[in-house]
Protein chains: 2
Amino acid sequence: MPDMHSRSVQDYLKALYKLQHNDTPVSTSELAARLHVAPASATAMIKKLADAGLVEHVPYQGSRLTESGRREAVNMVRRHRIIEQFLQEVLHYRWDEVDEEAEVLEHAVSDKMVDRMWEVLGRPSHDPHGSPIPDADGHVPHQPGTPLSEWPDNTPATIVRLVERSPEELRYFAQQGIRPGEAVQIVQRAPFDGPITIRTASGETSLSPELAQAIHVQ
Amino acid sequence: MPDMHSRSVQDYLKALYKLQHNDTPVSTSELAARLHVAPASATAMIKKLADAGLVEHVPYQGSRLTESGRREAVNMVRRHRIIEQFLQEVLHYRWDEVDEEAEVLEHAVSDKMVDRMWEVLGRPSHDPHGSPIPDADGHVPHQPGTPLSEWPDNTPATIVRLVERSPEELRYFAQQGIRPGEAVQIVQRAPFDGPITIRTASGETSLSPELAQAIHVQ
DNA sequence: ATCATTTTTTAGCCTTGCCTAAATTATAAT
DNA sequence: ATTATAATTTAGGCAAGGCTAAAAAATGAT
């Protein structure tokens with residue numbers, strides 16, 4: 001089954017996958033916004049995807065990936081993560097440089113090349129930020145972990161993952177000693193969804209609840 | 001000057017560059033054949049390239065690259081050679097696997113990534129077959145060397161380059177001990193453009209004159 | 001419950017790059 | 001020198017994947 005879909009199709013599938021973490025169908029405008037296209041363009045593409053059996057679409061209600069669509073989307077995530085890591089480790093890219101390049105390469109590189117990169121990297125199951133790398137069969141390694149924002153106060157925890165964020169935010173995390181494997185603890189939580197103060201090995205910091213959500217602990 | 005041309009444009013420029021080694025303008029049908037497109041398609045693209053100042057086109061006569069077209073074509077050659085070598089050295093591709101992948105990647109990879117690959121490879125000026133790798137400014141290192149077919153008989157020579165050939169032919173060369181750096185000598189030349197018999201470190205072989213042309217010596 | 005607003009879809013158009021078929025120009029043969 | 005052939009260009013289409021503007025459906029407010 002050589003799934004040779006166009007770059008656009010792959011981008012739509014990936015976007016649907018990422019917008020779908022809850023479980024409710026994805027709205028057309030959400031999708032269009034994510035991909036920086038006009039809503040009408042998204043509608044047209046969704047119809048194509050539905051015809052190809054990659055999504056289920058109920059007009060005026062939204063779309064969700066089918067199993068085959070999900071598999072292809074997961075494969076794009078795999079490619080993306082492996083390419084990013086390869087760019088960092090082998091070609092010495094900085095964090096804030098990898099995404100742009102990976103965004104293009106993920107559509108161009110063969111499955112074989114992705115596998116070779118993965119070998120060279122030592123067959124990792126997670127990327128340096130703790131995000132799981134799906135395997136070649138479309139299985140996503142289970143990731144325990146809870147958002148730090150939902151963790152009880154004053155209870156020691158270990159960071160297991162930093163969910164995808166902008167390079168600036170990731171860099172900020174790194175500066176604050178917030179990295180997978182490090183210990184953290186919530187020392188104070190301001191009322192009305194105010195900033196959360198945490199202690200790490202390297203000191204105390206305050207974070208918005210939104211940012212704290214990106215830190216998964218266990 | 002971010003020259004961001006489409007994949008097709010880049011392919012046309014590269015093809016024109018390769019077909020133009022002599023100096024005479026390239027015919028539309030030659031170009032079309034090389035790119036596996038209909039002649040009419042090539043005509044249309046040539047007009048676009050001429051409008052963009054990348055080629056000079058005299059209707060019914062042929063096309064030649066302008067300086068700016070040549071620069072971009074040379075850059076594609078640089079990319080291709082570096083990518084091929086990277087695939088071999090870093091990702092352990094075999095000869096016959098690199099071309100297909102490089103053909104796609106050369107259009108997808110950023111200049112930055114090409115430079116990083118080149119660094120990792122140790123900034124080579126020639127690829128493993130002896131072909132020059134143009135520098136980032138579009139200069140092609142001069143390659144002395146003469147086709148073996150034009151070398152005098154019974155005169156020792158050193159192989160400096162194997163010009164681009166199919167993977168099968170390159171593999172055959174390797175089996176016969178025909179590699180850059182190796183010594184060769186013509187021991188016999190059959191009449192009427194017949195096979196040329198050569199001696200290498202690993203014995204004697206006969207080659208068609210056409211193949212012997214691909215071996216450049218000095 | 002109706003009217004206004006927002007979201008989604010439909011309709012029609014554009015660009016890129018390919019195609020085939022027909023017209024045109026160049027080249028070769030008598 | 002004319003005619004036949006081959007190469008090239010023009011003309012008209014098609015598929016992808018965008019766009020805008022207008023119509024239709026859903027949602028929210030009074």
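None of the values given here were measured: they were computed from a predicted structure. Each chain gets a letter, A, B and so on, in the order the sequences are listed, and its residues count up from 1.
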Exercise. Among pairs that include at least one residue of residues 68-111 of chain A, which meet ring pair (Phe, Tyr, Trp, His ring centres under 6.0 Å), considering only residues two or more places apart or in two chains?
Worked result: A/W95-A/H129
For this session: Write down the distance between CD (B/Q10) and C1' (C/dG17), rounded to a whole number of angstrom.
Result: 15 Å
Exercise. If the sugar-phosphate is the primed atoms plus P, OP1 and OP2 and the base is the rest, what is the B/S/- string for nucleotides 16-26 of chain D, using protein heavy atoms under 4.0 Å?
Worked result: SSSBBB---SS
For this session: Write out all pairs satisfying salt bridge (Lys or Arg N to Asp or Glu O under 4.0 Å) with one or both partners inside residues 10-22 of chain A, taking only residues at least two apart or from two chains.
Result: A/R7-A/D11, A/K14-A/E103, A/K14-A/E106, A/K18-A/E164
For this session: Using a cut-off of strictly less than 4.0 Å between a heavy atom of the residue and any atom of DNA chain C, enumerate the qualifying residues of residues 26-35 of chain B by number.
Result: none
Exercise. Any Lys/Arg nitrogen of B/D111 or B/R79 sitting under 4.0 Å from an Asp/Glu carboxylate oxygen of the other?
Worked result: yes
Exercise. Nearest-Å distance, CG (B/L13) to P (C/dG17)?
Worked result: 11 Å
Seminar exercise, completed: Residue pairs meeting side-chain hydrogen bond (donor to acceptor under 3.5 Å, both in side chains), one or both in residues 207-218 of chain B, sequence neighbours left out, come to B/R165-B/E210
Seminar exercise, completed: Hits for side-chain contact (heavy atoms from CB on, under 4.5 Å) against B/P195, two or more places apart or cross-chain, chain-then-number order -> B/A190, B/S206
Exercise. Restricting to pairs with a member in residues 116-127 of chain A, which pass side-chain hydrogen bond (donor to acceptor under 3.5 Å, both in side chains), not counting sequence neighbours?
Worked result: A/E119-A/R123, A/H126-A/Q143
Exercise. Does B/H57 have a side-chain nitrogen or oxygen under 4.0 Å from the phosphate oxygens OP1 or OP2 of D/dT9?
Worked result: yes
Exercise. With sequence neighbours left out, which residue pairs that include part of residues 42-62 of chain A fulfil the salt bridge (Lys or Arg N to Asp or Glu O under 4.0 Å) condition?
Worked result: none
Problem set entry | Residue list, salt bridge (Lys or Arg N to Asp or Glu O under 4.0 Å) with B/K112, at least two apart or on another chain | A/E97
